[in-house]
Amino acid sequence: MRKALALLAVPALAVMLSACSSEGRTAEETARAYVAALNDRDPDALVDLSKEDKRVTGREKDAEAIITKDGGRGLKVTGIAVDSPTSPEYAHVYITGTDKAGKPFKLTIDVTREGDATDYTISLGHYKEGEAPTGPVPIQ
């Protein structure tokens, strides 16, 4: 009986340890998910890549506009470069590749990771009136 319990405990422990050591979605993974959302014409996937904030409105509208402009082009990524000029919490992600017609494309997205967050997110929407943060902007 003890041997059976020990055998059951090993997979559970492995799952817990892998969850603890996870660093979340990287800037590159966020960029790849962004392109996948464009190719799938999936505004909900773009919203899922953005940070949920009750002070922000219009995330869905922004996602729809991005899909309308750039969605469904069959983008194939050939390169991703991540540049974090000021801190590891903020990055410019430069994406290059070709569309389904073989035409080259370039996209740049900005991603952030705030506080204890482990996933990089994209920005969608805008602050509701009177909800924007106030005070000086910290210099990094």
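Just so it is clear, the model here is predicted, and its values are computed rather than measured.
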Under the side chain to side chain donor-acceptor pair (under 3.5 Å) definition, can you give me all pairs with a residue in residues 37-50, not counting sequence neighbours?
Ser50-Arg59

What side chain to side chain donor-acceptor pair (under 3.5 Å) pairs are there with at least one residue in residues 94-109, not counting sequence neighbours?
none

Treating Ile, Leu, Val, Met, Phe, Trp and Tyr as nodes and any side-chain heavy-atom pair under 4.5 angstrom as an edge, say whether Ile122 and Tyr90 lie in one connected cluster.
no

Under a single-linkage definition using a 4.5 Å side-chain heavy-atom cutoff for Ile, Leu, Val, Met, Phe, Trp and Tyr, are Val82 and Phe105 assigned to the same hydrophobic cluster?
yes

Restricting to non-hydrogen atoms, name the atom on [X] and the atom on [Y] that form the minimum distance, rounded to 0.1 Å.
X: Asp62; Y: Leu124; answer: OD2-C, 3.6 Å
X: Ala27; Y: Val111; answer: CB-CG2, 3.8 Å
X: Ala31; Y: Ile95; answer: CB-CD1, 3.7 Å
X: Pro43; Y: Ala63; answer: O-CB, 3.6 Å

So, taking the atom named CG in Leu49 and the one named CG in Asp119, what distance separates them when rounded to the nearest 0.5 Å?
9.0 Å

Mind checking the CD-OH spacing from Glu29 to Tyr120? Nearest 0.5 Å is all I need.
11.0 Å

With heavy-atom distances below 4.5 Å as the criterion, would you say the side chains of [X] and [Y] are in contact?
X: Glu28; Y: Val93; answer: no
X: Thr121; Y: Arg25; answer: yes
X: Tyr34; Y: Leu107; answer: yes
X: His92; Y: Pro85; answer: yes

Residues in salt bridge (charged side-chain N to carboxylate O under 4.0 Å, His left out) with Arg113, at least two apart?
none

Pair Leu38, Arg73 - check side-chain contact (heavy atoms from CB on, under 4.5 Å), show working.
CA-CA 8 Å; Leu38 290 179; Arg73 294 176 42 200; over 6 Å; no

Chi angles and distances behind the side-chain contact (heavy atoms from CB on, under 4.5 Å) call for Lys51, Glu114
CA-CA 9 Å; Lys51 179 183 175 206; Glu114 297 178 14; 2.8 Å; yes

